[in-house]
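In this text, all values refer to a predicted model and were calculated from it rather than measured experimentally. Letters A, B, ... are given to chains in the order of the sequence lines, protein chains preceding strands, and every chain is numbered from 1.
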Amino acid sequence: MTLLALHAVSKSYGALKVTDDITLAVTEGETLGILGPNGAGKTTLFNLISGDVRVDAGRVEYAGRDVTRLKPHQRCHAGIGRSYQVPQPFGNMSVFENLVTAACFGGQQTEREAWRTAHEVLEQTGLMAHANKPAGGLTLLDRKRLELARALSTRPQLLLLDEIAGGLTEPEAAVLVGELKRIKARGVTMIWIEHVVHALLSLADRLFVINFGQKLAEGLPRAVMNDPEVRRVYMGMEA
Amino acid sequence: MTALLDTRALKAFYGDAQALFGIDFSLDRGELVAIIGANGAGKSTFLKSLTGLVRAPIDAIRFKGEPIGGLPPGDIVRRGLAMVPEGRRLFASLSVEENLLMGATPARKGPWNLQRLYALFPILAEKRNQPGTSLSGGQQQMVALGRALMSNPEVLLCDELSLGLAPIVIREIYAAMPSITAEGMTVVIVEQDVTMARQVSKRIYCFQEGRVSLQGHSADLTREQISQAYFGIAEAAHA
Amino acid sequence: MLETIVQGVLLGGLYTLFALGQSLMFGVMRLTNTAQGDFIILGAFAVIAGVSLTGNAAPWLVALAVLPVAFGFGYALQRYVLNGTLGKDPLPSLVVTFGLSIVIQNLLLEVFSADPRAIETGGLSTQGIALGDAMSVGVLPLVVLAIAIAATGALQWLFAHTALGRSFRAVSDDREIAELMGLNAKKVYAFATAIAFVLIAVAGALQGMRTTVSPSDGPLLLLFAFEAVIIGGMGSFWGTLAGAMILGITQQIGFRLDPGWGIWFGHIVFLVVLVLRPQGLFPKTRG
Amino acid sequence: MTNMPPSIVAVERATAASRAALVAGVAIVLVAASLPFWGESSWMREFVEIACYFIFAMMWNLLAGYGGMVSIGQQAFFGFGGYVMLMLGNFAGVNPFIAIPLGALAAGLVAIPVSFVAFRLSGGYFAIGTWVIAEVFRLSFANVSAVGGGSGTTLTALRGIDKATRESTTYWMALACVVAAVVLVYLFLRSKRGLALLAIRDNEVAAESQGIPVARMKLAVYVVAAFGAGLAGALYFVGNLRISPDAAFSVNWTAFAIFMVVIGGIGRIEGPLVGALIFWALNKFLSDYGTWYLLGLGLLAILVTLFFKQGLWGHAQQRWGWSLFPTQRKLLDISPSGSTFLRERP
Amino acid sequence: ADTLKIGYVSPQTGPLAPFGEADKWVIDQMKAAFKDGISVGGKKYAVQIVLKDSQSNPNRAGEVANDLILKDKVALVLTAGTPETANPVSDACELNEVPCVSSVVPWQPWFFGRKGDPAKGFNWTYHMFWGLEDVIANFTNGWKTLATNKKVGGLFPNDGDGNAWGDKELGFPKPLAQMGFTLTDPGRFQNGTQDFSAQIAAFKKEGVEIVTGVVIPPDAKTFLTQARQQGFKPKVITLGKALLFPGAIEALGDLGDGLSTEVWWSPSHPFASSLTQQSAKALAEAYEAGTKKQWTQPIGFAHALFEVAANALGRAKSLKASDVRDAVASTSINSVVGPVKWGGQGPFKNVSKTPLVLGQWGKGQKYKVELTIVNNEAATNIPTGGKLRLL
Ligand SMILES: Nc1ncnc2c1ncn2[C@@H]1O[C@H](COP(=O)(O)OP(=O)(O)OP(=O)(O)O)[C@@H](O)[C@H]1O
Ligand SMILES: Nc1ncnc2c1ncn2[C@@H]1O[C@H](COP(=O)(O)OP(=O)(O)OP(=O)(O)O)[C@@H](O)[C@H]1O
Ligand SMILES: [Mg+2]
Ligand SMILES: [Mg+2]
C-alpha cells in the first residue's frame, strides 16, 4: 500500500526551480534512498514532505489523505518524523527533555509515557550518558544523533533521515545501519538522503536520484548505481 | 630543518572539561597530513587550538619556530594558518563572492585569487552574486574551502572536509589537493573516511580521547593498527 | 496637497537622520538601541554645552568639533559596554540600552535641569524660501534633508562597496569565523557604532537647531527612528530613507486630517507595511 | 535487540529546596491573608502596588523568558485592562472589584486581533512592533473624550465605598491575583505545555516539525500574558483611581518589568519574585533621591545584564543549585543498560 | 515635642520640572519659618515638610500621595503644578479622606478634569488659582488694545490643560465667539509633535493674526520656528504654559521677544506674605539671591500654599483630618498671591480664585529676558509696566 505520494510537486526560489515536477510514491515498510549531487534539491524535497516549506504546485498525499495544506505539526501527528541535515536541537533543554517533548507532542503521548519512550530511545541511540546535559553543548555528531533520536521519539510511521551517516567512521556507520535495520523491521517506512553511498546501499530497497530538482533515475539500487548517467553526474566516474 | 608547525604537550579545556591531554604533533612544509579518530576524540578542538579559537599556552604551539599558542585568531591567520571550519559557517548576508573576499582579509601574497578559485569550482562563478547560505551543503563547502584558500595560507587546516559532500565533489576536491600542496601549501585534513585519508595523505595521526594513539606514514599503517588506535582494543573487527 | 507632501518630505529628512545610526547598528550588530533618542538629545546638549563653554562660538563649528568626540564615545561605548550584550538573544541589548536611556535622561536632568534649550543659529532656523505665493519652506529643513540624503548615500556606498562594509556584515553574521578571517570583531563593532554616533551627533545638533531640546525628549524621537528603519528593511540605507519619507508624508497627511491622529496614522501605516511586508520594503541582509 | 524498557522511569522533578519553599509559601500566604486584621493600611497599599508590578513582571517573564517573545509593548494590555475596568465602573455601574477580572478578560481578548499584527514579526522587530502597537493604544485612548482624552479621568465608582472595606478588598484581590499568577504559571510550566514553550523559544522550526502547534502555543501564551497584564493594570488603577493614557500606556511599565525580571533572572519563576522584592526595596528606601535613584536603577540593570547574565537568582542557582520552582525533568539512573547501538563497540 | 508632617508633591523632574524648580528653595525658607513649630489645639508640634517628586508622571504622583498619606501620615497635603500632578494627588486625598490644598492648575481642569460634581463639590480637597474665564479675559483684553482682524488660531494639545482650554463649553471657543473673535482650532495634538505645518497651513488659510493656546515649551519653539520658515507672521502670540519660564524664552532666542503670556504672580504684585511678611518683591529678591536664578511665577504660589497650611493648622482644633479640613475650609488670609478664601457656591466651595494679569516678554536689563505686565484690566490693583506691543 502506498504510504506517501508526491504528485508533480514543484518549488522555486526566485528563478531557481529547486523541485521540478517530481512524482514519487513510497510503499509502506519500504526504505527509499535518495541520492543526488549537492544542491540537487534533496533537502528541499524533505521540507516539502514535512511541510516546513509549502509546495508551489502539486499535491502531497500521506496515508491516503491529502496533506498538502497541513502544517508541519499536523503532518508530524499524522506520522511523519524528520531529522535535519543541519541539526536543530532545542539547545537550552536537556537531551532527555528534547526527547520527552518530541514524544509528548509528536507522539501525542502523556508525559509519563513520553518518559518511557525517551528513556528507550536514549538507550537505543547511545545518548544515555548525555541525558541530562543541555543539548546545545553537544558536539556536531552527538547533535546529529539527537536528531535521529528526537525523530524516533515522535513514534513515526514514516521517518525522514537527512544525512545522518555523514561524519561517522566506518564501524560507527555499520552500527547505525544495524539499528536502522531493526527500526525497519518494526515496519517503519524510511526515506534516507545520504552521500555515504555504501551505508545507503546496505539498507535501501529502492533508490531515487535527483539532479537539478528533477528525477534522474529511479529503481533497484544495483540498477541505479550502474546507470551511466548516475555514475557520471553523481559518482564522478565515466561509465 | 625544524618542523613548520609543531605542538608539544598541547592541552585544551572547555570550561572545566579537558578535551586534549597533551598532543605532540609536527608538520613539515608541503605535506598532506590526515587526522582521524572517533567522534569526540578532539580533532576539531585540536584545529581550533591551532587557530586560536580555543585557548592554548603560548609555548605549546610553534609555527615557523615562533610560539603562537593563544594568540588572537586574526594574528594567527596573518602568519599563514587558515582553517576550513567544521560545518562550513558561511556569512549569511554576504554573497558567494563576498564570502570569498572575506578570506582575503589578511592580504597575504600568493597564487590564490578569485579567478583561480572560479576555475577550480566553476559552479561558484555561476552563483557568485547569490547569498552564500542559499547554496546547497556541498556548494557551501566549496565556498568554505575557497574562503580559506583566499588567505593564501602556508598551512591549510580542513575540518571534516568531505562531510555531506556528494562523491563527485569529494573526488574533485581531493583531486585538487595535489595541485594545492605542489605549490608548497601544507595541508592538514580531518577525515572520517579512513580509506580516503590513507589514499590522499602522506602521514596519519589517529586521535583517541584527546590523545594521539597512533601516528605514522599512511602507507605503513595497516587497517588493524588503525581500528585498534580508534577504539583501543585489539579484537575490534566485528560489527 | 502639494504642500503637504513637500512638508512630509522635509519631515522625512529629519526622521532619516534620526534613523540612520539605528539602521547601521541594527544592521551590523542586530542591536536594538532603545537609547537612540536619548543619544540624539545628548548630542544636542553636547553642542549646547560646547557653545556656552567656548563663550558662544559659532554653533556650526562646535557641532563639527563634537563629531570626533561622538566617534570616540561611540567606539568606547561599544567596546566596553555594548559588546557584552550581543548575541542571538535581543534581550541583553534591550535592557542595557533601556538602562542607558534612563541614565542619560537623569544625568542630563541633573546637569542641565529640565529647562528646554536650543542651539542658536543666528536666524538660520527661521529663514524660509518662498515657493510661489502660497508656499514657503524653511532653509534649515532643506539643509537637514540635504544632509540626510548625503549621509544615506555615503553609508550605502560604505556598506555595499567597501571592504569595511563587508566586514561589518561578516562580523554580524558569524563573529567567530570573522575572527578566523583576521578581523577583530570587537573593533569592527566599535567602529560601526562610532560611525553611528557621528550620525547621531549630527541628528542631535540639527534637532537642537530646529527646536528646543530637554532631557526627557529622547523616547519621542526613538520610535520614529525605528519605524523608518523597519519600514525600509534591515541593512538598506536607501530603504531607511524611503521609510522615513513614507513616515513623514503619512504623518503630515494625518496631521491635516486631524492633528490628534497624525502620529497615530503614521503608526498605523507602519503596522500595515509590516503586516504586508514583514521584512520591510527594501531588505538587503537576511536574518 | 534492545532490552525491554523499564516499566517505571525515574525522573526527578522536585528538590529539597522546592519542597521547603512550598511549605514556606503556604505559610506566608496564610499569614498575609490575615494582614487586614492586624496590619496597617499603608502596608496593604504598598503590597497592592508591588503586587501589580509583580504580576506584570511575572507575565512578561512568561512571554519573553519562556515564550521567547521579547515585547516592549505589554503596557498596551496593562492600560487596556485599566481603562476597561474604569469604563465598566464609571459608565456601566459595575462594581470596580468585579470589573477587575473583566478588564483582564478584555485585555486577553483584545490580544487576539493584536497578535495578527505582532506575530508577523520576530526578534528585535517584534519588540519594537509591540511598542508601536502600545503607542497606537495610547493615542487611541488619548483621542476618546469620554475618558478624558489625553488628560485622563478619575475612577468615580469607588467614591461611595467605605475606606476600610475598599482597602481590605483591594488587598485581598491583589493577594489572590499574586498567588493565582504564581501557581498557574508554575503549573503551566511544569506541564508538558511548558516543554513546548521552551522548545519554541529554542527553535521554532524544529518545534513545529516535532508536532508542536507553534502558532497556537504562542497565541495562548500571548493571550495569557495579556490577560495577566490587564489584571495588573485593572488592579493598579483601582488602587490609584486616576487614569491617563500617558500613565496607563507608559513604556516604563514594561521597562520596569524588564528590569525586575532581568535583575532577578529571566526564564525562571524566582526571577520576577526576587526582582520585584529588590525593586520594591530600592523604590521604598531610595526613590526620594529622584534623579539619582533612577540613574542608579538604570546602572543596576546595566551591570546585572553585563556581569550576571542569568540574573541574581540565576547566579545563585548556578552557584548553590537553589531552585524553588523546578520545572526541569532530570532523568535518574542514566547508566546505559543493554546494547546501545551507536556507542557499541564494533 | 511631637512632629506634625506636611506633604508636598510637585514635579521635580521630567518635562514639567520647571513648575517645581522653586520648591526646594521655598521649603528651605519654610523650615526657617516653622522652626518654632506650630501649636495645634493648644499643643506645640515640630513641623516636618516631606517633599515628593511626581516625576511629571500622573501615576507616580498618585503613588507618592498615597505614600504621604499612609506611610508618612501627613496632616495636610499640598500640591502644585499642572493637572498631571495636582489632579491625581487631589484624588488620592479625597479617597483617603485627608485634606489637600492644590494650586497652579486653572480651576476648571482641576474640578471638571476630576469629574467633580458642581452640586456636591469635594469634601477634602481645596484649590486656589485663577480660571479659564480669567485667562480668556486677560488675553482678549490685551488683543482688543491692538489693531487686528480678530482672527485667532488656537493651539490646544491633548493634555489636561489643552482639553480644558479648547473645550467647547468651558474653554475658549464660546467667549471668543461672543466677543467677536473667530477661532480656528485645527484640533488636539500630541505633546512633542515634531511638525506644525498642518496648523500653520490652516492658520494661513484662515488669515489668522492672533495665535493663542497652552503648549509645552518645546512645542512652542517648534511652532514658532516653523511659522517663521513657512512665512506665517501673526501679529500677536499669546500662549499659556510654554512662556512662563525665562529659560524657555531664552531658548527661543529672537523669537521670544514680544511673546505674551498670563501672569499669575510677579514681584510687582502688591501683596505680602502672611507668614514671613515679605512683600512679593522681597520674596523674589530673596529667591534670586539664594539661588542665583531669575524669579519664576510658581515661587509665589508655593509660598502661598504654606501660608494656607500654617494658618489653617494654627486654627485647627486638633490634628484629626476632619478638624484640619474644617480649618482649611474656613481660611481667610491675605497671602503673597492675593486673598485666599473658600466657601462660595458650586465649585467655589472648593476653589479660591487669585487675580490674573497679562504680561509680555522683552529684552531685559538685569536678565536676558524679562516679563513686563502689560494689561491689568482684570485686576487693576496690580500695576502695569508698559503696554502690549505688536510682534
Ligand atoms: N563547545 C564545547 N563545549 C564543551 N565541550 C566541548 C565543546 N566542543 C567540544 N567539546 C568536547 O570536547 C571533546 C572533543 O570534541 P571535538 O569536537 O574536538 O571532537 P572531534 O574529534 O572533532 O569529534 P567529531 O568527529 O564529532 O567532530 C568532546 O568530548 C566534546 O564533548
Ligand atoms: N531558502 C532558500 N532560498 C534560496 N535558495 C535556496 C533555499 N534553500 C535551498 N535553496 C537552493 O536550492 C537548491 C537545493 O538545495 P537543497 O538544500 O535542497 O540541496 P540538497 O540536495 O539537499 O544538497 P546537499 O546534498 O548539498 O545537502 C540549492 O541550489 C540551494 O541553493
Ligand atoms: Mg541537503
Ligand atoms: Mg569535529
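In this structure, the portion of P89(A) lying under 4.5 Å from any heavy atom of chain D is its backbone and not its side chain. Using a 4.5 Å cut-off between heavy atoms, N92(A) touches chain D through backbone and side chain atoms alike. For S50(A), no part lies near chain D; criterion is any non-hydrogen pair under 4.5 Å. When heavy atoms are compared at a cutoff of 4.5 Å, Q109(A) approaches chain D solely by way of its backbone atoms N, CA, C and O.
Between W192(A) and L180(A) the shortest side-chain heavy-atom distance falls below 4.5 Å. Taking the side chain as every heavy atom from C-beta outward, L45(A) and I193(A) never approach each other to under 4.5 Å. Residues I191(A) and L4(A) meet the side-chain proximity criterion, which asks for heavy atoms closer than 4.5 Å. The side-chain heavy atoms of T101(A) and M93(A), taken from C-beta on, include a pair separated by under 4.5 Å.
Side-chain atoms of Y84(A) and D52(A) form a donor-acceptor pair, as typed in the model, at a separation below 3.5 Å.
Residues of residues 53-75 of chain A lying under 4.5 angstrom from chain D, judged on non-hydrogen atoms, are K71(A), P72(A), H73(A) by number.
A cation-pi contact links K11(A) to Y13(A), judged by a cut-off of 6.0 Å to the six-membered ring centre and 45° from its axis.
For an aromatic pair to be called close, the ring centres must be under 6.0 Å apart, and Y66(D) with F188(D) fails this. Aromatic rings from F77(D) and Y222(D) are positioned such that their centres are separated by under 6.0 Å.
Options A215(D), S209(D), A207(D) differ in how many heavy-atom pairs under 4.5 Å they form with chain A, and the most are formed by S209(D). Interface summary for chain D: among R112(A), R82(A), H77(A), R150(A), the most heavy-atom pairs under 4.5 angstrom belong to R150(A).
Checked for salt-bridge contact, D205(A) and K184(A) meet the test: a charged N lies under 4.0 Å from a carboxylate O.
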